[in-house]
Number of protein chains: 2
Amino acid sequence: MENNKRILLVEDDLNFGAVLKDYLMLNDFEVTLAKNGMEGFEKFKKDVYDLCILDVMMPYKDGYTLAKEIREKNSEVPIIFLTAKSMKEDVLKGYKAGADDYLNKPFDSEVLLMKIKAIIQRKSADTKAEQVQFEFNIGKFHLNSKLRFLTFQDEEPIKLSPKENELLKMLILHENDLMPRELALTKIWRDDNYFTSRSMDVYIAKLRKYLKADEDVEILNIHGEGFRLVVKSKVSE
Amino acid sequence: MENNKRILLVEDDLNFGAVLKDYLMLNDFEVTLAKNGMEGFEKFKKDVYDLCILDVMMPYKDGYTLAKEIREKNSEVPIIFLTAKSMKEDVLKGYKAGADDYLNKPFDSEVLLMKIKAIIQRKSADTKAEQVQFEFNIGKFHLNSKLRFLTFQDEEPIKLSPKENELLKMLILHENDLMPRELALTKIWRDDNYFTSRSMDVYIAKLRKYLKADEDVEILNIHGEGFRLVVKSKVSE
DNA sequence: TTAAATGTTAATATTTGGTTAATGTATTAT
DNA sequence: ATAATACATTAACCAAATATTAACATTTAA
């Protein structure tokens, strides 16, 4: 499975942070570690996370402040605070900053894991409801990228594999424009190297085969740059 | 104001229970107090609550057992456990029984209040969508998901197990559309891992067997995503 | 004109799903 | 208490779907 949950961990104690990160990765989470509030916010802006785990006491920018900034950008993402303090005021402050849960250090890692699972579960439904666009028309084709169906006129839909589907969607979103190779590799393959690049070429070949049904739709290569999905406009009619 | 949030409080220490009830009522909650697990479950069945606060240690029926029974009836309602114990095993047991949060006695009432507010807030959206519908028609079948009866035309009803029932209901609510695997696992199994996933596959097989009676009803798989219950429209008539 | 990039097909590997049966677990009946 | 039962989970084995890699052909840009 590829769609592991992504966690942003912000912890200034590098030693502890690394251990916790390893532990979480061992439990099939993708973990990004930031070593202070500043860096945490930068990383948060750059990517999409399923959960944030924030240390409260950090130099430059404490956990509460970071949480508030995160809430301003994204009001949904679950937040768990880690803290050595267990003073009531701090707990209340945490909840006011939009915490979903609270954990006192030292804590049991198994308990943290349960909390993470509980929280991600109750949030996941909402996150799914986050409907983005999933229906597209391209030439005489129609793509339903939720069901992964590619339909040509009124024929039987062709079933696309996840990668075929993602790649075609990305091409369509760049219709008539360059879709950089690097973009597809980093977003869909999540890695950019010789082999993933070759793999992508294989998928381009597959898509071309499907798209042959409409001669006005073509995937062109821009050498060294990427691909371009063109739809010949029905001009000269 | 009429739409105050309703809390079911189950606590065998009558003194403490009464004090907590008063405190919550002072904060604009409608509180029903039950003094043991049995009574708690009776009251739960009779009414609709926005939140359950359960003491763990109670005679006759402990909080975990009660939580499980509540979960069988209603997988959505948030549950907070109260306990004097703070042993790791108990906390884990609580989360497995479907806890939304956990509070050790003695606790600060203000902290409890914050937790209640945080939990009710994040659930309130779902709660709106909380389907109270329990009768469905699908092809030539009729499902009564309260009695867990699946009836084909005028034959004897098949009795469904709780999981079969929940899963079929969720499929029907997504008729012709994708029902994400993850959704069923987090909502019905309350955990998303290899084994629950396999368990779900077993239940899909069971449902398919029941549904074979009507050849127009089918559960299709969308590889890596989930399942899709389709009803072939009776087109050519 | 040659190295790098791309096109294409096939072989291989990996992941996911279908199904049945065995095992575990809790509840109910005897 | 013990057996019967319902239900859920886990195991086992196989099949299908998907992804990667290899191999070789062709094109492109300096």
Side-chain angles (χ1 to χ4, degrees), chain A residues 1-4 28 147-150 158-168 178-182 184-185 188-212 218-228, chain B residues 37-38 41 60-62 64-69 71-72 75 93 96-98 148-150 158-168 171 178-182 184-185 188-212 218-228:
Chain A
M1 181 100 74
E2 243 287 325
N3 58 348
N4 285 337
D28 287 328
L147 301 179
R148 303 205 313 254
F149 279 169
L150 177 65
I158 301 169
K159 288 198 251 171
L160 299 184
S161 87
K163 286 244 151 80
E164 291 169 347
N165 178 56
E166 288 299 302
L167 187 58
L168 180 54
L178 170 69
M179 181 204 68
R181 212 186 175 84
E182 200 205 335
L185 290 176
I188 301 175
W189 273 263
R190 298 194 147 270
D191 191 12
D192 179 352
N193 62 43
Y194 171 79
F195 291 108
T196 53
S197 194
R198 295 316 333 248
S199 186
M200 173 172 165
D201 289 330
V202 171
Y203 277 90
I204 291 287
K206 291 180 183 182
L207 290 182
R208 281 183 173 136
K209 206 171 285 180
Y210 297 145
L211 296 176
K212 263 210 297 259
E218 245 182 322
I219 298 176
L220 304 179
N221 175 254
I222 300 177
H223 199 91
E225 298 291 334
F227 294 91
R228 194 173 149 237
Chain B
M38 303 286 210
F41 193 52
Y60 304 124
K61 187 181 283 182
D62 68 42
Y64 305 126
T65 312
L66 176 56
K68 270 188 220 151
E69 290 179 351
R71 281 275 173 262
E72 289 215 344
S75 65
K93 202 169 162 192
K96 278 195 186 128
R148 304 205 311 259
F149 279 167
L150 177 65
I158 302 168
K159 199 156 185 340
L160 299 184
S161 84
K163 286 244 151 80
E164 290 169 346
N165 178 55
E166 287 298 304
L167 187 57
L168 181 55
L171 282 164
L178 170 69
M179 181 204 67
R181 212 186 175 83
E182 204 204 332
L185 291 176
I188 301 176
W189 273 264
R190 307 207 133 253
D191 191 12
D192 180 352
N193 63 43
Y194 172 78
F195 291 107
T196 53
S197 195
R198 297 311 279 124
S199 185
M200 173 173 166
D201 289 331
V202 172
Y203 277 89
I204 291 288
K206 291 179 186 185
L207 290 181
R208 280 183 174 138
K209 207 169 283 179
Y210 297 145
L211 296 177
K212 261 210 300 255
E218 245 183 321
I219 298 177
L220 303 180
N221 174 253
I222 299 180
H223 200 96
E225 296 290 335
F227 294 90
R228 198 174 148 236

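Every chain is numbered from 1 and lettered A, B, ... according to where its sequence line falls, protein lines coming before strand lines.
- The residue among Leu220(A) and Thr65(B) whose nearest nucleotide of DNA chain C lies closer to the 5′ end is Leu220(A).
- Straight-line distance from the CG atom of Asn193(A) to the C1' atom of dT20(D): 11 Å, rounded to whole Å.
- Closest-nucleotide positions on DNA chain D for Glu164(B) and Phe195(B) were compared, and the one nearer the 5' end corresponds to Glu164(B).
- One atom, NZ of Lys212(A), and another, P of dG7(C), lie 13 Å apart when rounded to the nearest Å.
- When all heavy atoms of Asn221(B) and Arg208(B) are compared, the pair lying nearest together is N-NH2, 4.1 Å.
- The NZ atom of Lys68(B) sits 11 Å away from the P atom of dT25(C) (whole-angstrom rounding).
- Listed here is the closest heavy atom pair of Arg228(B) and Leu147(A): CD-CD2, 3.7 Å.
- Considering only side-chain N and O atoms, Arg181(B) lies nowhere under 4.0 angstrom from the phosphate OP1 or OP2 of dT16(C).
- With respect to Phe227(B), the side chain to side chain contact (heavy atoms under 4.5 Å, CB included) criterion is satisfied by exactly one of Leu167(B), Leu178(B), Ile222(B), Asp201(B): Asp201(B).
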Between protein and nucleic acid, restricted to nucleotides 28-30 of chain D and to nitrogen or oxygen atoms under 3.5 Å apart, what atom pairs and distances do you find?
none

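- For Phe227(A), the listed nucleotide lying nearest its side chain is dG7(C); candidates were dT21(D), dG7(C), dA21(C).
- Atoms CD (Glu218(B)) and C1' (dG18(C)) sit 14 Å apart, rounded to a whole Å.
- The CG atom of Asn165(A) lies 8.0 Å from the CD atom of Glu225(B); values are rounded to the nearest 0.5 Å.
- Protein atom CD1 of Ile188(A) is 11 Å distant from nucleotide atom P of dA19(D), rounded to whole Å.
- At a threshold of 4.0 angstrom between heavy atoms, the contacts of Asp201(B) include nucleobase atoms, whether or not backbone atoms are also involved.
- Of the listed nucleotides (dT9(D), dT9(C), dC13(D)), dT9(C) has the atom at the smallest distance from the side chain of Ala205(A).
- A side-chain donor-acceptor contact under 3.5 Å links Arg181(A) to the backbone of Ser197(A).
- One atom, CG of Asn221(A), and another, C1' of dG7(C), lie 9 Å apart when rounded to the nearest Å.
- OP1 or OP2 of dT19(C) sits under 4.0 Å from a side-chain N or O of Arg208(B).
- Of the two residues near DNA chain D, Tyr194(A) and Trp189(B), the one whose nearest nucleotide lies more 5' is Trp189(B).
- Surrounding NZ of Lys206(B) are more than 12 heavy atoms belonging to other residues, nucleotides or ligands, all under 6.0 Å away.
- What separates CG of Leu185(B) from P of dA8(D) is a distance of 15 Å, to the nearest Å.
- Side-chain contact between Leu160(B) and Tyr210(B): present, with at least one pair of heavy atoms (C-beta onward) separated by less than 4.5 Å.
- Between the side chain of Thr196(A) and the main chain of Leu185(A), no donor-acceptor pair closer than 3.5 Å is present.
- On a pure distance criterion of 3.5 Å, a polar donor-acceptor pair joins the side chain of Arg198(A) and the base of dT8(C).
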Interface polar pairs with nucleotides 4-7 of chain D, N/O, under 3.5 angstrom:
none

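- The CD1 atom of Ile158(A) sits 15 Å away from the P atom of dA17(D) (whole-angstrom rounding).
- Between His223(B) and Pro162(A) the shortest heavy-atom distance is O-CG, 4.4 Å.
- Minimum heavy-atom separation, Lys159(A) to Glu164(A): O-OE1, 4.1 Å.
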